[in-house]
Structures are given as structure tokens and as C-alpha cells.
Amino acid sequence: MNAFSTVHDLKRALEQKKISAAELHTFYQARIEKYNPQLNAVLETFSEEHVPHDGLLGGIPCLLKDNICQAGRTTSAGSHILKNYKAPYQATVAHRLHNAGAHLMGRTNMDEFGMGGSGEFSAYGATKNPWDLTRSPGGSSAGSAAAVAAGLTPFALGTETGGSVRHPASYCNLVGMYPTYGLHSRYGMIAFASSTDQVGVITRTVADNALVATTLSGHDAHDATSIPMAPKNYMASLTGKLPAGFTVGIIKDVLDSDGIVPAVRERFDASIKQLEQLGATIKVVDIASLRYGIALYFIISRAEAASNLYRYDGSLYGNRAKEAYNLAEMYLKTREQGFGAEVKRRILVGNYVLSAGHKDAYYNKAQLIRAQLRAEFEKAFHEVDVLVSPTAPTLPFKLNSLTEDPIAMYLADYFTTPNCIIGTPAISVPAGFSAEGLPVGIQFFGPRLSEELLFNVAHAFEQATGYYTKTPAGFE
Ligand code: GLN
């Protein structure tokens with residue numbers, strides 16, 4: 001066993017009794033104590049009461065993003081307003097991991113309420129990228145990705161509304177999936193934009209991702225949007241080969257865009273060659289409305305965020321401003337003191353696009369184009385089996401380089417927001433490194449409920465390239 005063991009490696013070692021669940025717990029706790037001060041990826045670890053050892057993930061430690069409720073534990077969503085909030089119940093995904101024998105070890109840092117793409121908008125300080133401590137690990141599931149990359153946990157859960165699992169996974173040389181909307185329960189996940197919010201798994205390998213997704217699968221009666229589906233075994237889909245006659249569509253915007261930096265383009269082109277060697281036929285596919293993806297996401301996610309965050313007014317839970325002379329002032333001061341600047345910006349925009357005078361021009365129009373985008377993706381999947389693009393157009397950027405330029409940060413989501421808006425799955429996998437050794441990721445998109453296909457393709461690509469075996473220096 002070493003710090004960068006996969007979930008599968010650890011599972012085998014546990015099954016062969018080469019190591020015990022308690023030893024694993026001590027091992028990762030010690031690593032968190034040693035390395036987290038540099039990274040600020042983990043907000044809290046739980047002192048041990050009982051280490052499970054039965055089930056598909058029997059005895060395997062994990063960390064959950066701070067917006068996934070773990071009963072009786074602080075769940076702050078990276079926000080000051082929920083600093084002292086203790087979750088009164090267990091999120092379904094946490095419950096399912098626990099039932100599969102996983103050991104829920106702590107919670108990870110994140111952009112406040114998932115609103116950000118760098119980890120820098122956390123009320124608890126920025127998370128650093130283990131591949132280069134002066135750079136961002138991506139966001140908003142920044143802590144989950146940095147913790148897996150540095151070997152502080154074998155896997156972690158993140159959440160994604162518009163890229164927040166895939167983006168940090170790609171910046172940290174990891175695998176991250178946004179599943180079909182409704183596949184993993186949202187019960188107990190603190191809402192940002194409910195029509196696209198999903199839990200996603202962050203791992204070192206595709207097989208690990210498929211294994212954890214297997215334990216999360218199946219309908220949840222607590223979530224009205226949960227797909228009524230029996231649990232699945234995603235491991236069964238990993239053949240190591242592409243299906244015969246397999247066709248991959250390059251999203252045309254990738255070829256046209258001047259926003260993609262040369263190092264990412266170089267890795268993307270090499271990945272396409274690799275896919276050809278694996279037997280794929282490559283086509284170019286135009287999704288004409290893709291270029292509206294960020295605008296749609298901007299409008300829809302802010303509108304939903306404004307509604308979802310309405311509840312944090314100090315009256316029900318969370319922090320309450322102390323010095324207020326009447327109710328209205330209490331609401332105002334609580335929100336003024338409790339939310340960070342990015343969250344406030346989004347609430348403002350959300351209320352604006354929903355207001356009586358503007359909703360036709362923005363929110364309602366966005367819903368129309370959303371339907372158009374969905375139709376265009378569906379049509380594309382009649383021509384090709386999967387679509388492919390870089391996960392992020394740039395390399396992991398320097399900390400503090402974009403915090404004063406929110407628009408530049410929003411543009412980093414060009415390729416990750418469109419599929420979230422229409423609720424279809426995508427998986428990001430490592431695609432190699434830039435000259436200075438920074439990770440680059442590519443992603444595969446599939447139609448609704450094509451997770452098995454996506455896991456299979458990503459696994460075949462990963463096994464042929466092996467980039468996941470490289471780990472960041474300084475965390476041995
Ligand atoms: N970076 C995106 C944003 O700032 C994605 C966030 C997310 O998926 N939670 O909104």
C-alpha cells in the first residue's frame with residue numbers, strides 16, 4: 001500500500017488481510033495532519049468511533065464535500081453563514097457509502113455554496129493544488145480533488161452544478177463524473193441550482209469511479225427528481241476496449257476556439273490520436289447553441305441560487321446577526337455578514353433575471369434556448385456515440401489571478417456548463433501534462449443514462465495512456 005493506492009488496491013489489501021480498516025484510518029489521518037496545512041483541502045476530520053469493514057467499500061476511507069450533510073456533523077457549504085450548522089440528518093449518498101462499508105472520515109473545503117471555479121471563494125481560505133502550491137486546484141469541489149490528488153484520501157465526493165467535479169478533477173490529474181441528472185440522490189445536498197445540482201465522484205481511476213458510483217446508484221424516495229431505477233453495477237461495463245464501430249465527435253467549438261491554451265490543445269490532439277489508435281472513428285460535430293452555454297448557465301443558476309439562498313435569513317438556522325433592532329434589520333445584517341462577495345453577486349443577478357420586468361428577456365428566454373441545446377445534443381448523439389472536448393480551456397491558473405475578474409473565471413466553464421444545463425452525463429479523465437508538468441484533462445459526453453458507455457470509453461483511454469499513475473511530487 002502507498003498513499004496513492006487506488007480504491008481497488010486497498011480493497012484487495014483489505015480482503016487479503018494485508019491491512020486492517022483501522023490501520024488505513026490511522027494512515028490517512030496522519031497524512032491529513034502532515035500535508036493539509038499546506039493544502040487547506042480538508043476542513044475537519046472526525047475522531048474515530050467505529051471503522052466499518054463489510055461491503056463493497058468495506059473499510060475504505062473517504063471525504064465528503066462540505067455541502068453534503070453528514071448527520072450530527074458541521075456542514076457549512078464553505079460559507080460563514082453556516083459556520084456552526086450541524087446537519088440534522090444524513091444525505092442519501094453519505095448513507096449509501098456508509099452502508100457499503102466506506103469510512104466517512106471528514107469534510108472538504110469548497111467555494112461557498114459551490115459558487116466558484118477555483119476554491120478561492122471559500123469562507124475558510126483557498127485550497128492549493130498539490131501539483132503546484134501556487135496554483136488553484138480548480139473548483140468548486142477544490143478540497144475533494146486536492147485531497148485525492150495528494151493522497152489524503154483514496155476517493156472523495158464532490159458536487160457539480162456546472163463543472164465543479166470535472167474541472168478540479170482535470171486540474172489535479174483525476175477522474176470526475178457528472179452523472180445524468182437524477183442518477184445520484186440530492187437529498188441532503190445543500191442546494192445551489194437545483195435543476196442542475198448533482199453529486200459526483202472524484203477518484204484516481206475510472207474503475208474506482210465506477211465502483212463508488214455503483215454504491216450510490218438506485219432510486220431514492222427522498223428526492224423527487226431521483227430516477228426510478230434499480231441499482232446498477234457499473235463495474236460490469238469496463239471492457240478495456242471501445243465497442244466495434246465506435247464514433248467520437250469532436251465538438252466543433254474546440255477547433256474554432258482561440259480561448260484554448262496551446263498546452264491543452266496539444267494534449268487534446270494527442271488524445272484524439274490515441275482514440276483513433278483504439279479504433280475510434282473521429283468526426284466533427286457542430287452544436288450550434290453550445291456558445292450560449294455559459295450565458296444559459298449564468299442566468300438559470302443565478303435565478304435558482306437566489307431562490308435557494310432565500311432561506312438563509314437568520315430565522316431558521318445558520319448564523320444570525322446579533323445587533324439588530326428589528327426583524328428586517330436582522331435579515332439584512334445576517335445576509336450582509338454571512339455571505340461572501342461572489343454569493344452576493346449571484347443573488348443580485350438571480351433576483352434581477354427573475355424580476356417582473358426582466359424575466360421574459362432573461363429567464364424565460366434561457367429556458368427556450370435550453371430546450372434548443374437539448375435537442376441539438378440529442379441530434380448529435382444520433383451521429384456519434386460520444387462527444388469529446390478539453391475539460392477546461394486552460395491549465396491550473398495561479399491563485400489570486402482571476403478572483404478580481406469573475407467574468408474570466410466564468411469563461412473557464414465553457415465546456416462544462418452546457419451538459420449540466422440539459423442534465424446529461426460527462427466524465428473527465430487525465431490526458432497528460434503540460435511542459436511544466438501541470439495536468440490536463442479531456443472529457444467524454446454521452447446521452448442521458450449513458451454512464452456505462454462513458455465509464456467504458458474513459459477506462460479504455462485511461463488504460464491505454466496511464467497518466468493516472470503519475471502523482472505530484474512532495475507528498476510521498
Ligand atoms: N465554476 C462554476 C460556477 O462558478 C461551477 C460551479 C459548480 O459546478 N458548482 O458556478
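Atoms within a ligand are numbered from 1 in the order they appear, just like the ligands themselves.
- If you look at T161 next to ligand 1, the close heavy atoms, those under 4.0 Å, come from the backbone and the side chain alike.
- Between G162 and ligand 1, an N or O atom pair is found at a separation short of 3.5 Å.
- R346 NH2, 2.7 Å is the protein heavy atom nearest to atom 4 (O) of ligand 1.
- Ion pairing between a basic and an acidic side chain is recognised when a charged N comes within 4.0 Å of a carboxylate O; D66 and R107 show such pairing.
- Short contacts between ligand 1 and E160, defined as distances under 4.0 Å to a heavy atom of the residue, involve ligand atoms 8 (O).
- Close N/O approach between G116 and ligand 1 is found [any backbone or side-chain N/O within under 3.5 Å].
- Contacts with ligand 1 closer than 4.0 Å are made by no heavy atom of Y410, backbone or side chain.
- Considering backbone and side-chain atoms together, G114 places an N or O closer than 3.5 Å to an N or O of ligand 1.
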Decide yes or no on ring-ring contact (aromatic ring centres under 6.0 Å, His included) for F433 and W131, but give the supporting numbers first.
CA-CA 11 Å; F433 301 86; W131 290 89; 5.3 Å; yes
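- For the pair G163 and ligand 1, a heavy-atom separation below 4.0 Å is found.
- Ring-plane geometry between Y467 and F461 is classed as tilted, the angle between the planes lying from 30 to 60 degrees on a 0 to 90 degree scale.
- Near G117, the atoms of ligand 1 lying under 4.0 angstrom from a non-hydrogen atom of the residue are 1 (N).
- Ion pairing of R204 with D208 is absent here, as no side-chain N (NZ or NE/NH1/NH2) approaches a carboxylate O to less than 4.0 Å.
- Those atoms of ligand 1 with a heavy atom of S140 less than 4.0 angstrom away are 9 (N).
- Closest to atom 10 (O) of ligand 1, if we only count protein heavy atoms, is Y297 OH, 2.6 Å.
- The backbone and the side chain of S164 each have at least one atom closer than 4.0 Å to an atom of ligand 1 (non-hydrogen atoms only).
- Each of K365, Q367, K359 was evaluated against Y363; a single residue qualifies, Q367, per the side chain to side chain donor-acceptor pair (under 3.5 Å) test.
- Distance alone, capped at 3.5 Å, places no donor-acceptor pair between the R73 side chain and the K86 backbone.
- Among the candidates S76, S122, S144, S141, the single residue satisfying the side chain to side chain donor-acceptor pair (under 3.5 Å) test with N109 is S122.
- Using a 4.0 Å cut-off between charged nitrogen and carboxylate oxygen, R345 and E342 count as a salt-bridge pair.
- Between T159 and the choices H184, R186, K65, Q198, the side chain to side chain donor-acceptor pair (under 3.5 Å) rule is met once, by K65.
- Residue-to-ligand polar distances place D413 within reach of ligand 1: an N/O pair is separated by less than 3.5 Å.
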